[in-house]
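What follows is a short report on a single structure.
A quick note: this is a predicted structure, and the numbers were derived from the prediction, not measured. These values consider heavy atoms only, across backbone and side chains, with no hydrogens, waters or symmetry-generated copies. We name chains A, B, ... by the order of the sequence lines, and we start the count at 1 in each one.
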Number of protein chains: 2
Amino acid sequence: MNLKQLAAHLGLSQTTVSRALNGYPEVSEETRKRVQQAADQHNYRPNTRAKALATGRAMAIGHVIPLSSRHEMMNPIFGDFISGAGESYSNAGYDMVLSLVADKEQSSAYHEMVAKRNVDGIVLHAPEMRDPRITLLQKIGLPFAVHGRATEITTPYSWLDVNNRSAFQRATDFLLDLGHRRICLVNGQENMDFAFRRRRGYEAALTARGVEIDPQLLFADEMTEVYGYETVRRTQRLDDPPTAYLVSSIIAAFGVRRAIEESELVMGRDISVITHDDDLSYLRNGADVPVFTATRSSVREAGRKLAQLLITQIETPGSPPLTELLEAELTVGRSTGPAPNRT
Amino acid sequence: MNLKQLAAHLGLSQTTVSRALNGYPEVSEETRKRVQQAADQHNYRPNTRAKALATGRAMAIGHVIPLSSRHEMMNPIFGDFISGAGESYSNAGYDMVLSLVADKEQSSAYHEMVAKRNVDGIVLHAPEMRDPRITLLQKIGLPFAVHGRATEITTPYSWLDVNNRSAFQRATDFLLDLGHRRICLVNGQENMDFAFRRRRGYEAALTARGVEIDPQLLFADEMTEVYGYETVRRTQRLDDPPTAYLVSSIIAAFGVRRAIEESELVMGRDISVITHDDDLSYLRNGADVPVFTATRSSVREAGRKLAQLLITQIETPGSPPLTELLEAELTVGRSTGPAPNRT
DNA sequence: TTGAAAGCGGTACCAT
DNA sequence: ATGGTACCGCTTTCAA
């Protein structure tokens, strides 16, 4: 059932029916009621494509996910974030279109999105410190919002981020409180913005206590198990090996932990491992790793907020960019009771 | 730049330009070349919405994800599956639109999709044994493919599934080989099709060895940590408590494992835990739980295949439904070297 | 081989 | 308050 048929059925013009359905004031209440009823009855929904073509609004928002091994965006956090965003979208009547794109095709993917005009805005994930995608989108003029920030980009844009610096500062503080002085930072690649910020937090904590920063204990790489594993093997051979590891991703933390358990090198040494990830709290009680983490629900919340932020921006043209900084929750060690049932 | 402008620029009609770009045979090679060049130069991309409206094809496929606590679809596997599907889509020129929908709104969501005509087909996740969504889509006539199967629905439809029955049969066999006779099945809700099949595999293994099936050792519920935790507490109080747990989800397995470690009840008893999940292999070396699992790459592969299957079906109307059954990989225990670097 | 024109299903301006 | 109609950008039939 389309508008024309519905209008014919009612003996009205398309114009009137359209107006009635879209809440225009110049329609008599009686007519509106009649139209609404008929529409409900026939389960009428305007054809999205036609509407989009006529209005110039696609009523859809794109998420472009880099499909490379480097970012590992498709990790557990992703599901929760997306599901939060999805909530905002469906409330506001937007569709969410997902593009999984290989790294090299990133920029062409954006151009394509803009040229094909099938989204009204874009959410950008896992920004680098000077992310070319941001500059690109600014030039293109397509509304966008970033999950994270790009330190080296100074022109304003909308973003939402967790406070990675403070999170890692607190984590480091925690280890210092335990008496550790040789703390190894197993970080992600530091062109990723979050990784850079995390290192700054780590350094700030050490500096505040007058502990020297040892470059031999600083690592930055793609976060895999092997990376974590090898880093432990290597650092434990140092003359003055670390007694604690602060790991930037739970995946790498698994490698770290396994190396510690296996290694004859660390026999008898008391080593702490602490890790952070945007969300892996459901592992908190299963993996023997103290996890410093945002809870699942707060990741959802982040998705919800970021999406809302973008929608606001799309719908109020000319509005200034919006930003929001969330504090990460800190949870250390294993809980004692059963984990709360997440509903 | 749109078609009209491009045509004007070339001094040709829209018709000719359109034909040249879409590979119609009746265009002179010379013209085609000229057009193609101009198009490239101006970075022309046809407006998706206009094209969709004109052709009746949306060039998009919908994934409807139930947003309830019950299914927990948004789990780690999801990312890999989606990313595999995304690959197929982008190769075939389709967009992927994600709908996160509350349980109660499921059926209206489907109706809406069909009425709004913004997708050419749908992928259905986490089917129940007699899933009403399948019947609904069949009635509506929108092409779809199911990730999983619905045992009680006999009319043919397209699906792709892992062989849950054989997977659990093999897992149970493994435990029987270890000498266990009291094996507790910590299953998911058995209206979910996969859970039902898993139980059948478990039962088949026991029966084959003449081990009696004890209803006291059969559990089916939403897979949370608490559920796993409580199940252990409860079963360890039995006169003849289980010596092994076969757990249908790694999340529940965490609860199981923790209960075992904490409980004074099980002190000194040697208990095996084995778990299955569509994919959590990256935990394999981190969580002390032997994991029976499909690897991440095979989950991606499943996504890729299912998407391809749906595309084929959409593009060859009248074709019979396609199906595919994948065997799960079995990996038990912890690996000895560092985990292979996943690239 | 090329072009004119009629849709696709809506919206929105201009009349009445 | 209601209707006629041009238009959004593309495909496709029909004619030349």
Under 3.5 Å, is there a donor-acceptor pair between the side chain of [X] and the main chain of [Y]?
X	Y	result
S18(B)	Q14(B)	no
S158(B)	P321(B)	no
Q5(A)	N2(A)	yes
Y157(A)	A150(A)	yes

Heavy-atom protein contacts under 4.0 Å, nucleotides 11-16 of chain D, coded B base, S sugar-phosphate only, - none: BBB---

Please determine, for the side chain of N47(B), which listed nucleotide (dG3(C), dC10(D), dG3(D)) has the closest atom?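 Of dG3(C), dC10(D), dG3(D), dC10(D) is nearest to the side chain of N47(B).
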
Select one nucleotide: of dG9(D), dG3(D), dT1(C), the one nearest the side-chain heavy atoms of L53(B).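 Among the listed nucleotides, the one closest to the side chain of L53(B) is dG9(D).
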
Rounded interatomic separation in angstrom, taking [atom1] from [X] and [atom2] from [N]:
X	N	atom1	atom2	value
R49(B)	dC8(C)	CZ	C1'	15 Å
K4(B)	dC10(D)	NZ	C1'	11 Å
M59(A)	dT11(C)	CE	P	12 Å
R34(B)	dT2(C)	CZ	C1'	12 Å
L6(B)	dG3(C)	CG	P	13 Å
R57(A)	dG10(C)	CZ	C1'	15 Å
M1(B)	dC10(D)	CE	P	11 Å
L10(A)	dT2(D)	CG	P	12 Å

Counting only heavy atoms not in R117(A), do more than 12 sit closer than 6.0 Å to its CZ atom? no

Between H63(B) and Y89(B), ring centroids under 6.0 Å: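 Yes, they do, as the ring centres are separated by less than 6.0 Å.
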
Does a side-chain N or O from T31(B) land closer than 4.0 Å to OP1 or OP2 of dT2(C), or not? yes

Side-chain N or O of S13(A) versus OP1/OP2 of dG3(D): is the shortest distance under 4.0 Å? yes

Go nucleotide by nucleotide along DNA chain C from the 5' end; which of S28(B) and R45(A) gets its closest nucleotide reached first? S28(B)

Taking atom types as modelled and ignoring hydrogens, do the side chains of R32(A) and Y24(A) form a donor-acceptor contact shorter than 3.5 angstrom? no

